[in-house]
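Numbering of ligands and ligand atoms starts at 1, following listing order. One-based numbering along the sequence shown.
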Amino acid sequence: MALAKTDASGGSGLLPEVLAFSTSLGLDRQLLKEDLLGSMAHVTMLGRTGVIPAKEARVIRDGLVDLWRRDDAGTLVLPDEEDVHMAVEVELNRTIGAPAALLHSARSRNVQVATDLRLHVRDSVATALTSLCTLVDEVVERAKKDGGILMPSYTHRQRAQPISLGYWLASYGAAFLRDAQAFAFALDQSDALALGSGAISGTSLPIDREITKSLLGFSRLTLNGLDTVGERDFALDYLYATARFFVHASRLSTDLIDFTTSEFGFATLSGEISMGSSMMPQKKNPDVFELIRGKSGRAIGNLMGLLTTVKGLPGGYNRDLQEDRGPLLETKPMLHGVVSVLRLSLPHVTFHPEKCRVGLDEGFTQATDLAEALVKKGMAFRVAYKHVGALVKKCQEQGITLSKASVELAKSIDPAIDAEALSVLEASGAVARKQSAGSTGPASVQAQLAALSTQARALSEKSKTVPRFGALFEQLSAAPL
Ligand code: ARG
């Protein structure tokens with residue numbers, strides 16, 4: 001049955017090879033629930049506005065409910081068609097007969113696919129947002145528990161300055177919170193009703209898009225039909241938020257992969273999240289974090305893929321847009337997978353305070369603190385910086401750490417580097433003395449953690465306002481007609 005062909009398009013026949021080449025059903029079968037919800041809302045609106053008789057609207061809607069239930073039961077087999085929209089219509093016709101022909105009034109597949117994708121993105125983002133906010137909370141809790149551990153920070157992967165583990169954790173908390181904000185933006189972008197745009201220019205039938213909008217729980221209508229059927233910006237925002245979150249997860253993963261090497265030794269992974277080698281019996285590998293890092297490449301590729309698909313398309317719907325399906329549909333399981341595995345894995349990483357500590361003294365990481373102590377005594381920073389550099393050089397020549405430098409050695413460079421100045425070389429003091437907002441100082445880290453919790457809670461509330469598929473289905477099945 002070729003529903004989308006008329007004599008004008010060359011009769012009902014289509015070469016099987018062309019159907020096989022052009023069909024999107026293999027992928028957009030995954031959008032069946034979204035498609036059924038869209039149709040249930042559309043037909044309810046058609047019935048209420050009198051575009052079709054309410055009695056037939058109910059028969060159609062009950063037919064759609066039946067398809068949903070059969071899908072849940074695993075007994076729904078969709079016919080071979082160009083896409084899920086056609087397959088649903090054909091199957092509906094098979095189930096309820098003639099009234100099925102009324103469903104497509106004032107609707108095109110162009111707008112159906114835009115609707116399905118918006119519902120899909122909105123739902124996927126709601127799930128991701130909730131769990132990303134929980135991840136931020138868990139990072140905060142971990143920082144409260146283990147945050148006092150001192151460790152070196154790194155620039156250029158060379159030891160830089162002492163920080164607390166709480167500060168390191170809060171840095172990723174801040175990145176994940178920004179990702180949650182990016183997802184919240186994608187949620188807003190997807191939260192508009194596309195249905196009612198017709199194929200491109202609207203419809204002359206007396207529809208009411210406001211009804212469909214409230215039935216599907218959207219906050220607003222898309223503004224312009226021509227734009228609506230041909231744009232995928234909400235999907236790009238979703239793929240961008242995902243790619244950026246994965247990039248952050250990937251950087252966290254690289255830190256942990258490094259920290260768990262015997263060279264660093266700062267942390268170990270529990271056996272429950274580490275893999276072995278099939279040949280080297282001693283191996284304990286951080287595959288989970290490597291996979292997270294690996295998947296960030298896929299997420300970036302998906303964003304690039306969709307950007308490239310939409311680049312240079314003329315206005316309105318073009319079949320090229322069907323290529324959005326691969327990148328978009330792959331994203332949901334990958335996104336939800338990464339966020340849950342990350343949440344699952346972090347509690348299995350144990351930090352070793354004494355090992356983290358070793359790195360601090362060996363790396364001369366308190367050199368800047370010494371320079372700042374001299375600044376407090378009135379020395380110009382650039383002068384202090386040079387003196388401390390000279391002292392570090394001497395310590396290196398003598399094979400000692402900065403904290404082992406004698407007052408005599410220090411004074412031989414400049415008399416201002418006295419015992420009092422040298423007392424700042426204690427690592428815990430170096431962290432405790434940091435005062436500036438956003439620093440590793442304990443008070444600042446506390447404030448950072450509090451800000452993370454508050455903002456994560458607000459974003460998580462936002463995700464809870466999204467109507468989920470199960471609830472929408474129940475409401476739509478019983479919506480007055
Ligand atoms: N399968 C198409 C897609 O996924 C649906 C829209 C097709 N529209 C059309 N006029 N051929 O984008």
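Under 4.0 angstrom from ligand 1, the non-hydrogen atoms of Arg325 all belong to its side chain.
The shortest N or O to N or O distance between Asp83 and ligand 1 is under 3.5 Å.
The residues Arg232 and Asp320 are annotated as not salt-bridged, no charged nitrogen and carboxylate oxygen being separated by less than 4.0 angstrom. Under the 4.0 Å criterion applied to side-chain N and carboxylate O atoms, Arg48 and Asp208 are not assigned as salt-bridge partners. Taking 4.0 Å as the cut-off between side-chain N and carboxylate O, Asp62 and Arg58 do not count as a salt-bridged pair. With respect to Lys33 and Asp123, no salt bridge is recorded, no charged nitrogen being found less than 4.0 Å from a carboxylate O.
Closest to atom 10 (N) of ligand 1 among all protein heavy atoms lies Asn110 OD1, 3.3 Å. For atom 6 (C) of ligand 1, the closest heavy atom belonging to the protein is Tyr317 OH, 3.4 Å. For atom 11 (N) of ligand 1, the nearest non-hydrogen atom of the protein is Arg109 NH2, 3.4 Å.
Contact atoms of ligand 1 toward Ser24: 1 (N), 4 (O) (distance under 4.0 Å to a heavy atom of the residue).
Side-chain contact annotation: Tyr172 with Asp255, donor-acceptor N/O pair under 3.5 Å present.
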